[in-house]
Amino acid sequence: MKIYTRGGDKGKTGIFGGQRVDKDDVRIEANGTIDELNSVIGVVRANLPADHEWQPLLFKIQTEMMSVMSQVATPSAIRDTNTNTLDENLDKLCEEWMDRMTDEMGPSETFILPGGTIVSAHLQLARAVARRAERRLWTLNKQDEVPAVVMRFINRLSDLFFTMARYDMYKAGNIEERWKDFLYKRKKTPPPTSPKRGDI
């Protein structure tokens, strides 16, 4: 079977259920961004040793994201016919890993410049793409409801990848390049006081 079909030469592509939509349809744009995110995760895994503790986690995330794409490609009216289901606890899994790493290295209190190690830099890229995927999903959600588990999962992924990027730097003994403290961590400057009578 040939990889090319010529079916999309006129700017249309198929979605679950047989309907054909424009290639720049919001549903296709959302799924394309999730596909891009999955590819970045693949780059992260390729830069990790095969026996790294993150490999099983990232493998699960990648396989679940294939199901996410299947769900996103399915209009809500026929979603119950899609057998590619999702683990309802994906957000909890991400939170457990984040809590574990944060407990060891301490919380983040500043905006951090992406970079450092190769793995950390690619994890920061994954974080940014996850944020874009989330934005595209919310746009789609205005037209056709996206499963809540998908929205929770993609939202947690950006936080997870940020935490993993920090943790990789921490384990490598590298110092994070910081920009500014988070707003809620900044010290507030007291307002100027009015001069008292007799001070003028």
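As the structure is a prediction and not an experimental result, all values here were calculated from the model.
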Residue pairs fulfilling salt bridge (Lys or Arg N to Asp or Glu O under 4.0 Å) with at least one residue in residues 39-52, sequence neighbours excluded: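 As it turns out, there is no salt bridge (Lys or Arg N to Asp or Glu O under 4.0 Å) pair with a partner in residues 39-52 once direct neighbours are skipped.
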Can you list everything that forms a salt bridge (Lys or Arg N to Asp or Glu O under 4.0 Å) with [X]? Sequence neighbours excluded, please.
X: E53; result: none
X: K60; result: E64, D87
X: D159; result: R131

Minimal non-hydrogen separation, [X] against [Y], with atom names:
X: L137; Y: V146; result: O-CG2, 3.8 Å
X: L86; Y: S67; result: CD2-CB, 3.5 Å
X: L160; Y: M98; result: N-SD, 3.5 Å
X: M169; Y: T117; result: SD-N, 3.6 Å
X: R79; Y: T74; result: NH2-O, 2.9 Å
X: M105; Y: T163; result: CE-O, 3.5 Å

| said: Which residues pass the side chain to side chain contact (heavy atoms under 4.5 Å, CB included) test with E88, not counting sequence neighbours? | reply: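 V149, R152.
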By side chain to side chain contact (heavy atoms under 4.5 Å, CB included), L48 pairs with (sequence neighbours left out) V44, H52, W54, Q55, L58, V119
* Are any side-chain N or O atoms of N82 and backbone N or O atoms of S70, one a donor and one an acceptor, separated by less than 3.5 Å? ->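 Yes, the answer is positive, given that a donor and an acceptor are paired below the 3.5 Å cut-off.
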Set of residues satisfying side chain to side chain donor-acceptor pair (under 3.5 Å) with respect to [X], sequence neighbours excluded:
X: T102; answer: none
X: R132; answer: E36
X: D144; answer: R27, S76
X: E95; answer: R156

| query | Is there a side-chain contact between L157 and M65 (heavy atoms, below 4.5 Å)? | reply | yes
Atom [atom1] of [X] and atom [atom2] of [Y]: how far apart are they, to the nearest 0.5 Å?
X: D91; Y: M151; atom1: CG; atom2: CE; result: 13.0 Å
X: H122; Y: I41; atom1: NE2; atom2: CD1; result: 12.5 Å
X: L123; Y: S158; atom1: CG; atom2: OG; result: 12.5 Å

Answer yes if [X] and [Y] sit in the same cluster of Ile, Leu, Val, Met, Phe, Trp and Tyr residues linked by side chain heavy atoms under 4.5 Å apart, and no otherwise.
X: W138; Y: V68; value: yes
X: V43; Y: V129; value: no
X: F59; Y: I34; value: no

| What do the steps show when you test E104 against Y170 for side chain to side chain contact (heavy atoms under 4.5 Å, CB included), and what is the final call? | CA-CA 10 Å; E104 181 178 343; Y170 168 77; 3.5 Å; yes
Evaluate side chain to side chain contact (heavy atoms under 4.5 Å, CB included) for F162 paired with Q124, printing each intermediate quantity in order. CA-CA 6 Å; F162 175 76; Q124 290 282 10; 4.0 Å; yes
- Task: Would you please test L125 and F161 for side chain to side chain contact (heavy atoms under 4.5 Å, CB included) and show each step?
- Result: CA-CA 9 Å; L125 178 59; F161 294 142; over 6 Å; no
